[in-house]
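Below: the structure, in structure tokens.
As the structure is a prediction and not an experimental result, all values here were calculated from the model.
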Amino acid sequence: MPLALLALAVGAFGIGTTEFVIMGLLPEVADDLHVSIPTAGHLVSAYALGVVIGAPLLAALTSRMSRRTVLIGLMALFVAGNVLSAFAPGYDSLMAARFLSGLPHGAFFGMGAVVATTMVAPERKARSVSLMFLGLTVANVVGVPAATLMGQHLGWRATFLGVSAIGLVAIASLALLIPHDHAHAPVVGLRREMAALRSLPVWLALGTTVAGFGALFSAYSYITPMLTDAAGFADGSVTLLLALFGVGATVGNLVGGRLADHSLRGTLYGGLTSLAAVLALFPLLMSTEWTAALAVVLLGVAAFVTGSPLQLMVMEKASAGPSLASSANQAAFNLANAGGAWIGGLALAAGFGATSPALAGAALALLGLGVAATAATVDRRRSVPGRERVVATHVPHEAEALQH
């Protein structure tokens, strides 16, 4: 695998850290800025809104630029957002800075996935995407706990300065390892990107992402009360258990990438089925501490097995102009975050019990499986070629040149 994938993973590590660390620092931020914790929680929404708006917008605006230049520029915007967060004088300015930090998120992962697949042979495309996403999953194991501890001991502003430093390392890595002259070919243009995004199979793939990861966030958003109220863990144990989720997500991401190179659709079906099964078993698994810990790991594995296949599915269906669709998939991921949390909250509010969000998530996973099956039926009716990997026949010269 090319070393350039390491540069993409470093960027993903920084982005994953800044996205999730705010959740552990809400009490410190609220106290320092003299707002309530629920009000401080809107900072999470501001970042997610930035992702949803920035992913397609920045991908569209940069459709004719060198992908290498775009990736470096997106990380520069990421650094700027985090530096502004560190020096924000008040709540409103911090909200604006968090929104700015979220803008490059989806476009970076979307463009990074396209670049990653051009640097490897066709049979390694899913693994290349999974290695980029490895930075995101490792952030949940190492980056978020370390950044949270930094914020608790040195102040929350120090955390954002630390994340900014990671962004600078990512910029240097991208500048050194991404080739100058091949990461932009072929130039597609906005019109072709938009035409690719109008395809029904693309929207079915995006719908699978929303339902599939909505299933994850329906449960994960309320994992703390499940672990404390249902499984009986002490509050202080939750951080370690969330790190176990990150371990499971890392394993699932790597396994999913390898399996998807053999059967993209089969891996997607298997991952969604496994996710539905794990979530359906949550009420039973949350009955004891050791089975609850196992459930957290299995949730991470099952959910992130589908990460690379879903990203590649979208890119495959929009092969004539993949950058915009690939970035839109990251927006879909964040819509899944918000929508899944809302649906899980409805289950809790209805009085169905602490583990009811997991059962709602199981239903969403089955919905995602149904959307994926519908997409397969549409493909067959349109006589789409049977090859499951992302079509790369239009860029063989690019992959060959990048390997030199």
Side-chain angles (χ1 to χ4, degrees), residues 48 51-52 55 106 109-110 113 126 129-130 133 136-137 140 200-223 245 248-257 259-260 263-282 295-296 298-318 325-344 347 357-379 388:
V51 177
V52 173
F109 279 106
V129 174
S130 71
F133 284 155
L136 180 63
T137 58
N140 283 281
L200 175 60
V202 170
W203 283 100
L204 288 173
L206 293 173
T208 306
T209 296
V210 173
F213 274 94
L216 165 65
F217 287 110
S218 177
Y220 188 69
S221 301
Y222 305 97
I223 196 68
F245 171 83
T250 301
V251 172
N253 174 54
L254 293 174
V255 170
L259 291 177
S263 176
L264 192 155
R265 204 178 294 279
T267 304
L268 182 57
Y269 288 162
L272 289 171
T273 301
S274 300
L275 181 59
V278 169
L279 290 170
L281 290 172
F282 251 55
V296 172
L298 292 177
L299 178 62
V301 173
F304 279 85
V305 160
T306 64
S308 298
L310 284 169
Q311 190 71 38
L312 281 171
M313 185 74 73
V314 171
M315 292 164 60
E316 178 190 43
K317 303 311 174 188
S326 182
S327 298
N329 193 53
Q330 296 302 312
F333 180 89
N334 278 269
L335 287 175
N337 189 338
W342 176 68
I343 290 173
L359 297 179
L364 285 173
L366 292 176
L367 175 62
L369 191 61
V371 176
T374 301
T377 301
V378 170
D379 282 352
E388 288 190 317

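Taking each heavy atom of Pro357 and Gly344 in turn, the nearest pair found is CG-O, 3.5 Å. Pairing each heavy atom of Gly106 with each of Ala55, the nearest pair is CA-CB, 3.8 Å. For Gly361 against Ala215, the heavy-atom pair with the smallest separation is O-CB, 3.0 Å. Residues Pro309 and Ala260 approach most closely at CG-CB, 3.8 Å, considering heavy atoms. Between Ala336 and Phe217, the shortest heavy-atom contact is O-CB, 3.9 Å. Residues Met313 and Leu264 approach most closely at CE-CD2, 3.1 Å, considering heavy atoms.
Between the side chain of Ser130 and the main chain of Leu254, no donor-acceptor pair closer than 3.5 Å is present. Thr267 places a side-chain N or O within donor-acceptor distance of the main-chain N or O of Leu259, the cut-off being under 3.5 Å. Looking at Asn337, its side chain never comes within 3.5 Å of a backbone N or O of Phe333 through a donor-acceptor pair. Side-chain atoms of Thr306 come within 3.5 Å of backbone N or O of Ala303 as a donor-acceptor pair.
Note that OG of Ser308 and CG of Leu268 are 11.5 Å apart. Values are rounded to the nearest 0.5 Å. Interatomic distance, CE of Met315 versus CG of Leu310, reported as 12.5 Å (0.5 Å rounding). Rounding to the nearest 0.5 Å places OH of Tyr220 at 13.5 Å from CG of Leu279.
With contacts defined as side-chain heavy-atom distances shorter than 4.5 Å, the pair Ile223/Phe282 qualifies. Side-chain contact between Arg265 and Asp379: present, with at least one pair of heavy atoms (C-beta onward) separated by less than 4.5 Å. Looking at Leu335 and Phe213, their side chains never come closer than 4.5 Å, going by heavy atoms from C-beta outward.
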Evaluate the criterion side-chain contact (heavy atoms from CB on, under 4.5 Å) for residue pair Leu200 and Val378; output intermediate values, then yes/no.
-> CA-CA 9 Å; Leu200 175 60; Val378 170; 4.3 Å; yes

Given the rule in the side-chain contact (heavy atoms from CB on, under 4.5 Å) test, do Val51 and Phe109 qualify, once you have shown the distances and angles that lead to the verdict?
-> CA-CA 11 Å; Val51 177; Phe109 279 106; over 6 Å; no

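Partners of Thr208 under the side chain to side chain donor-acceptor pair (under 3.5 Å) rule, at least two apart in sequence or in another chain, do not exist in this structure. Listed by chain and residue number, Thr250 satisfy the side chain to side chain donor-acceptor pair (under 3.5 Å) test with Thr137 (two or more places apart in sequence, or in another chain). In this structure, the side chain to side chain donor-acceptor pair (under 3.5 Å) partners of Thr377, at least two apart in sequence or on a different chain, are Arg380. For Asn329, the side chain to side chain donor-acceptor pair (under 3.5 Å) criterion is met by Thr209, Gln311, not counting sequence neighbours.
Every pair tested for side-chain hydrogen bond (donor to acceptor under 3.5 Å, both in side chains) that includes a residue from residues 363-374 fails, sequence neighbours excluded, so the list is empty.
When each of Leu298, Leu299, Val301 is checked for a side-chain contact (heavy atoms from CB on, under 4.5 Å) with Leu275, only Leu299 meets the rule.
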Distance-only check: which donor-acceptor pairs under 3.5 Å involve side-chain atoms of residues 363-373, not counting sequence neighbours?
none

